[in-house]
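Quick notes on the structure that follows.
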Amino acid sequence: PNTLEEMYVNLEIVAELTGHDASGLVESLKARVAAIDEKIAPISSRPAVFYEIDASDPSKPYTYGPGTFGDLLINRAGGFNIGSEAVDPYPQLSLEQIIVANPSIIVLGDSMWGVTPESVLERAGWETIAAVESNQIFPIDDNLISRPGPRLVDGLEALAKILHPGLFE
């Protein structure tokens with residue numbers, strides 16, 4: 001699947017093939033997404049977001065580009081994915097590209113491998129990035145974003161709460 005809607009169809013197909021009914025699950029997931037959509041709809045500004053997948057090379061970390069669930073979920077959660085302007089679906093962005101994009105929020109999908117907000121604060125050259133200056137760096141379970149299944153809705157909720165915490169108090 002390439003969209004949440006296609007993911008729902010896949011769930012129904014798998015359920016049917018295994019002799020189960022996924023209609024309750026699908027309706028529940030749709031209701032949760034609709035609740036996020038409703039809260040996000042009135043926002044007037046979308047924060048620039050850098051989602052880090054892998055910073056094995058911190059001067060050129062991987063991110064989500066166009067056509068990926070990471071890009072889709074960041075946008076649906078009310079953010080602007082700085083990786084969306086790349087050509088590759090999983091591009092490496094140079095430090096210069098990140099500085100120019102100046103994200104106000106950094107999400108660490110690689111936190112599962114020990115990357116911490118504190119380690120990002122210590123990276124050479126990153127100190128001028130708005131998210132680093134304001135310490136808006138958040139770890140997230142990348143499994144919620146990268147695996148096309150029901151937990152994508154959990155990922156959408158988690159991203160929306162990071163990007164627009166005031167809407168979920």
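Bear in mind the structure is a predicted one, so any value in this text is a computation, not a measurement.
Contact of the Val120 side chain with the Phe50 side chain is not registered, since no non-hydrogen atoms from C-beta on lie closer than 4.5 Å. Side-chain contact check for Ile36 versus Phe168: some heavy-atom pair is nearer than 4.5 Å. Looking at heavy atoms from C-beta onward, Ile82 lies out of side-chain contact with Thr63 at the 4.5 angstrom threshold. Between Pro1 and Tyr8, the closest side-chain pair of non-hydrogen atoms is not below 4.5 Å. Leu144 has its side chain out of reach of Leu73: every pair of non-hydrogen atoms, C-beta onward, lies at least 4.5 Å apart. Residues Pro61 and Ile98 are in side-chain contact: their nearest non-hydrogen atoms beyond the backbone lie under 4.5 Å apart. Here the side chains of Val132 and Arg123 are not in contact, with every heavy-atom distance at 4.5 Å or above. With contacts defined as side-chain heavy-atom distances shorter than 4.5 Å, the pair Glu52/Ser111 does not qualify.
The two atoms that bring Pro91 and Gly65 nearest to each other are CD-N, 3.6 Å, heavy atoms only. Summarising the geometry of Ala130 relative to Pro103, their closest heavy-atom pair is CB-O, 3.6 Å, with the distance given to 0.1 Å. Nearest heavy atom pair, residue Pro117 against residue Pro139, reads CG-CD, 3.9 Å. Closest heavy-atom contact between Arg147 and Arg151: CD-NH2, 3.1 Å. Residues Ser45 and Pro47 come closest through the heavy atom pair O-CD, 3.9 Å.
Note: Ile53 CD1 to Met112 CE = 11.5 Å, rounded to the nearest 0.5 Å. Atom CD1 of residue Ile129 and atom CD1 of residue Ile105 lie 13.5 Å apart, to the nearest 0.5 angstrom. The line from CG of Leu152 to CD1 of Ile145 is 7.5 Å long, rounded to the nearest 0.5 Å. The distance from the CD atom of Glu16 to the CG atom of Leu11 is 13.0 Å, given to the nearest 0.5 Å. Going from atom CG of Leu159 over to atom CG of Asn81 covers 10.0 Å, rounded to the nearest 0.5 Å. Distance CZ/Arg32 to CD/Glu157: 4.0 Å, rounded to 0.5 Å.
Val153 and Ile13 fall into different hydrophobic clusters, where Ile, Leu, Val, Met, Phe, Trp and Tyr residues are linked whenever their side-chain heavy atoms come under 4.5 Å apart, directly or through other members. Taking hydrophobic clusters as Ile, Leu, Val, Met, Phe, Trp and Tyr residues chained together by side-chain heavy-atom distances below 4.5 Å, Leu121 shares a cluster with Ile99. Tracing side-chain contacts under 4.5 Å through hydrophobic residues (I, L, V, M, F, W, Y), one reaches Leu29 starting from Phe69; they form part of the same cluster. A continuous path of ILVMFWY side-chain contacts below 4.5 Å connects Ile137 to Leu93, so both sit in one hydrophobic cluster. Under a hydrophobic-cluster definition in which Ile, Leu, Val, Met, Phe, Trp and Tyr are linked whenever side-chain heavy atoms come within less than 4.5 Å, directly or via other members, Phe80 and Ile162 are assigned to different clusters.
Between the side chain of Thr18 and the backbone N or O of Val14 there is at least one donor-acceptor pair closer than 3.5 Å. Put simply, the side chain of Gln92 gets close to the backbone of Lys60: a donor and an acceptor are under 3.5 Å apart. Side chain of Glu127 to backbone of Gly125: a donor-acceptor contact under 3.5 angstrom is found. A donor-acceptor contact shorter than 3.5 Å is absent between the side chain of Asp54 and the backbone of Tyr62.
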* To do: Carefully, step by step, assess Tyr51 and Ile140 under the rule side chain to side chain contact (heavy atoms under 4.5 Å, CB included).
  => CA-CA 10 Å; Tyr51 189 110; Ile140 196 168; 3.4 Å; yes
* To do: Starting from the C-alpha separation in whole Å, work towards a yes-or-no answer on side chain to side chain donor-acceptor pair (under 3.5 Å) for Asp142 and Tyr64.
  => CA-CA 11 Å; Asp142 189 60; Tyr64 287 114; 2.9 Å; yes
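Here Glu5 pairs with Arg76 under the salt bridge (charged side-chain N to carboxylate O under 4.0 Å, His left out) rule; sequence neighbours left out.
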